[in-house]
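Scroll down for the structure; my scribbles are underneath it.
Here is the naming used below: chain letters follow the sequence lines, and residue numbers restart at 1 for every chain. Below, each value reflects all heavy atoms present in this structure, side chains not excepted, and no hydrogens, waters or symmetry copies.
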Amino acid sequence: MKNNVVITRFAPSPTGWLHVGGARTALFNYLFTRGQQGKFILRIEDTDRERSKKEYEESILSGLSWLGLEPDETYRQSERTAIYTEYIKKMLAADRAYQAEDGVIRFRNPNRVVNFVDQLRGEINIDSTDLGDFVIARNDHEPLYNLAVVIDDHEMKITHVIRGDDGIANTPRQILLQEAMGASRPIYVHLPLILAPDRTKLSKRHGAVAITDYEREGYLPAAMINFLALLGWHPADDREVLTREELLTAFRLDRVQKGAAVFDRDKLNWLNHQFLKKYPAIEMAELIEKHLTDEVRALSQYNTARLLRAVPTLVERLNKLSEITTWCQNGELNFYFTSPQYALKLLRNTAHLATIAKMLSALAGEQFTADNIKSTLWDYATQAGRAEVLWPMRVALTGREKSPDPFIVAAILGREETLQRLAYAQTL
RNA sequence: GGCCCUAUCGUCUAACGGUUAGGACAUCAGCUUCUCAAGCUGGUAAUCCGGGUUCGAUUCCCGGUGGGGUCACCA
C-alpha cells in the first residue's frame, strides 16, 4: 500500500477568464505533480451561482488545454451539494456550527492563534479571533468558499495545496474547519503573485491578462509555459529555454521564489521567438498562412510554395504570430507575391541590372538557391562595388528600403520571377 | 488602518557566512553587412536603510522603510 502519492488541485472559480496568474498556479501544480506520478485535479469552484458563468468555465478548460495542462480528474462544486449538506448537518449536530439569527450558518470560532507551516515561507501564525464566527454556508445545501474547499480537499485527499499567496489569509479559517470535522491538514505552498510592470496587481487596464489573449496574439503554448515557469522559479543551472519535458524533470518546489514577480513582455517575446525558430518549417508556414490577410492571399502571384520558402526570413524577425497581420497591413509582405511598385530614385542606379540578369539566367531553375545565386554574383559585386550592385538588385526585387538580402529574396521568388523583375527595373 | 507575506541590476533570477555578486531579457557600443532583421563580441547596471550576531554578512536576528495580499451570506 503506497500512501505517499501526491494529489494536487487547481481550483479556479468561473467568474472570469483564465488569467496569467491562474495559469501559473495551474502550471506549478501540474509540474510538481506530474514530475512525480501524482494526481492533478481540476476543481471548478462554482458555488456562487450568480457570478459563475459557463463561458468562463469553458475559457478555463480551453486555456488549460491550450497550455497542455490536462487534469487527471475534473470536478464541479455545483454538482456536489449532497456531500456538502451531509457535512453541514454533521457540523450543526456537533455544535461546531450554528444557525445564526440572520439565517445563515456560522462556524463556532474557537478564537485562538492558528499555526501552520508553509513549505516556502516557514511557520506562519495568525490569530483567528479577528475572524469572529464567520459564515460557512447560506443554508444546509449552499456552502460558501472556505467550507466547500475544506470538504473537497478532504474528500479528494489533496496532499498539497499550491495556490497564490492571497490564499494565506484564508488558511486559518480552513484549518479551523478541518479540525472541526476531523480532516487532516494538507501541506501548504503559497506562491508569490504575478504583478504588472507598475508593481500593482495585474488587471485588464494593463492590457492582455487572459490566457486566450496570448493565444490570439500568436504566442506558442510552449513559450508561454516556459515563461510562466520562470516567473517565480528557476532551474538549478543557467538554462532559460526549456521544453515541457525539461521543465517537468527540473521543477522543484524548493526553488520557488517568495517575492512577487513582474510580468515582462519583452522576455516573453524573446522566448516565443526562440520556440518559433525551432518550429518545423512546414507547420510554421501553416501557422503563418492562418494569420495572412485576405488582401495578401488575393495577390496575383500568391502561392504556398513561395510562402514556405519565405518562412525562414519571416521567422527571423517574428516574435509573435500576430505580427504577420501587422506586416500584411503595412504591405511589407506584398513583394513576395506581386511585382513591387517603386520609384526610379529608390533604385539609385540601373547600371548593373543587365549584367546581374545575364549571370542569373545561366542558372537553371533547380539551381536557383540563395547559395548558388550568391556565389554567382559575389565576385562581380565585390569588384563593381557591392552597394552599387546589390542595393539596386534588392530594390528591383522588393521595391523596399528594408528587406532580406537579395540572394534570399531571389531564391524565394524563383528564377523566372526574379528575371522578370530585373528586366522591369531596367525599363524605368 | 489591523493582520499577514515580501525585498539582489530597469525586469526575471543565481549565490543555502568567505565569489572580481553570476546568467537571461531589455539597453548601449563594436563586429558582420547592400538595407532591415538575426547572429557574434564587449559595456553600463543590483544586494532598500539602520542596528546587531560573527574573524567575516546578499545570506542569520531585530527595527524601519518600500511593495504586495487580506479583512463579504465572492472565490
[X]/[Y] ion pair, N-O < 4.0 Å:
| X | Y | answer |
| --- | --- | --- |
| Glu86(A) | Arg80(A) | no |
| Glu57(A) | Lys54(A) | yes |
| Glu58(A) | Lys53(A) | no |
| Glu101(A) | Arg106(A) | no |
| Lys374(A) | Asp405(A) | no |
| Arg43(A) | Asp153(A) | yes |
| Glu179(A) | Arg185(A) | yes |

Would you mind classifying the nucleic acid contact of [X] as base, sugar-phosphate or nothing, using non-hydrogen atoms under 4.0 angstrom?
| X | value |
| --- | --- |
| Val262(A) | sugar-phosphate |
| Gly167(A) | nothing |
| Pro197(A) | nothing |
| Pro406(A) | base |
| Arg49(A) | nothing |
| Glu45(A) | sugar-phosphate |
| Arg121(A) | sugar-phosphate |

Worksheet item: Which residue, Asp130(A) or Ala236(A), contacts RNA chain B at a nucleotide closer to its 5' end, judged by nearest heavy atom?
Response: Asp130(A)

Fill in: 5' priority, RNA chain B, between Gly259(A) and Ala387(A) [closest heavy atom]
Gly259(A)

Discussion item. More than 12 heavy atoms of other residues, nucleotides or ligands under 6.0 Å from CH2 of Trp17(A): yes or no?
Written reply: no

Worksheet entry | Glu401(A) atom CD: more than 12 heavy-atom contacts under 6.0 Å | no

Look through every strand shown and name the nucleotide pairing with [N] as Watson-Crick or G-U wobble, where both distances are under 3.5 Å.
| N | result |
| --- | --- |
| G39(B) | C31(B) |
| U11(B) | A24(B) |
| U54(B) | none |
| A72(B) | none |
| A45(B) | none |
| G66(B) | U6(B) |

For the side chain of [X], starting at C-beta, report the closest nucleotide among [options].
| X | options | result |
| --- | --- | --- |
| Asp102(A) | A75(B), U35(B), C73(B) | C73(B) |
| Leu144(A) | C34(B), C73(B), C4(B) | C73(B) |
| Leu230(A) | U11(B), C74(B), C12(B) | C12(B) |
| Arg199(A) | C5(B), U35(B), C12(B) | C12(B) |
| Asn146(A) | A7(B), A75(B), G67(B) | A75(B) |
| Tyr145(A) | A75(B), C34(B), C73(B) | A75(B) |
| Ser403(A) | U35(B), C34(B), C25(B) | U35(B) |
| Thr200(A) | G68(B), C34(B), C4(B) | G68(B) |
| Lys267(A) | G23(B), A75(B), C34(B) | G23(B) |
| Ala169(A) | C25(B), U70(B), U13(B) | U70(B) |

Hey, does the side chain of [X] come within less than 4.0 Å of [N]'s phosphate (OP1/OP2), counting only N and O?
| X | N | result |
| --- | --- | --- |
| Arg255(A) | C12(B) | no |
| Arg265(A) | C12(B) | no |
| Lys201(A) | U70(B) | yes |
| Thr47(A) | A75(B) | yes |

For the [atom1] atoms, the ones on [N] and on [M], what distance do you get once it is rounded to whole angstrom?
| N | M | atom1 | answer |
| --- | --- | --- | --- |
| C40(B) | C48(B) | C1' | 37 Å |
| C71(B) | U8(B) | P | 26 Å |
| U41(B) | A46(B) | P | 24 Å |
| C31(B) | A37(B) | C1' | 16 Å |
| G68(B) | C12(B) | P | 14 Å |
| G52(B) | U70(B) | C1' | 32 Å |
| G43(B) | C9(B) | C1' | 14 Å |

Tell me the interatomic distance from [X], atom [atom1], to [N], atom [atom2], rounded to whole angstroms.
| X | N | atom1 | atom2 | value |
| --- | --- | --- | --- | --- |
| Phe134(A) | C73(B) | CZ | P | 12 Å |
| Leu202(A) | G67(B) | CG | P | 18 Å |
| Asp405(A) | C34(B) | CG | P | 10 Å |
| Asp237(A) | G23(B) | CG | P | 15 Å |
| Gln257(A) | C16(B) | CD | C1' | 13 Å |
| Phe263(A) | G67(B) | CZ | P | 23 Å |
| Asn170(A) | C5(B) | CG | P | 15 Å |
| Asp264(A) | A24(B) | CG | P | 15 Å |

Discussion item. Can you tell me whether the side chain of Arg51(A) and the base of C74(B) have a donor-acceptor pair closer than 3.5 Å?
Written reply: yes

Discussion item. Checking Phe337(A) against Val296(A) for the side-chain contact (heavy atoms from CB on, under 4.5 Å) test, could you report, in this order, the C-alpha distance in whole Å, the side-chain angles of both residues, the deciding distance, and whether it holds?
Written reply: CA-CA 8 Å; Phe337(A) 308 112; Val296(A) 169; 3.9 Å; yes

Fill in: side chain to side chain donor-acceptor pair (under 3.5 Å) evaluation trace for Arg163(A) with His190(A)
CA-CA 5 Å; Arg163(A) 69 206 338 180; His190(A) 288 98; 3.2 Å; yes

Considering only nitrogen or oxygen atoms on both sides, find all protein atoms under 3.5 Å from nucleotides 37-40 of chain B and state each distance.
residue : atom : partner   : partner atom : Å
A37(B)  : N3   : Glu316(A) : OE1          : 2.7

Practice prompt. Please report the C-alpha distance between Thr171(A) and Tyr188(A) in whole Å, then the side-chain angles of each, then the deciding distance to 0.1 Å, and finally whether the side-chain contact (heavy atoms from CB on, under 4.5 Å) criterion is met.
Written response: CA-CA 9 Å; Thr171(A) 307; Tyr188(A) 286 103; 3.8 Å; yes

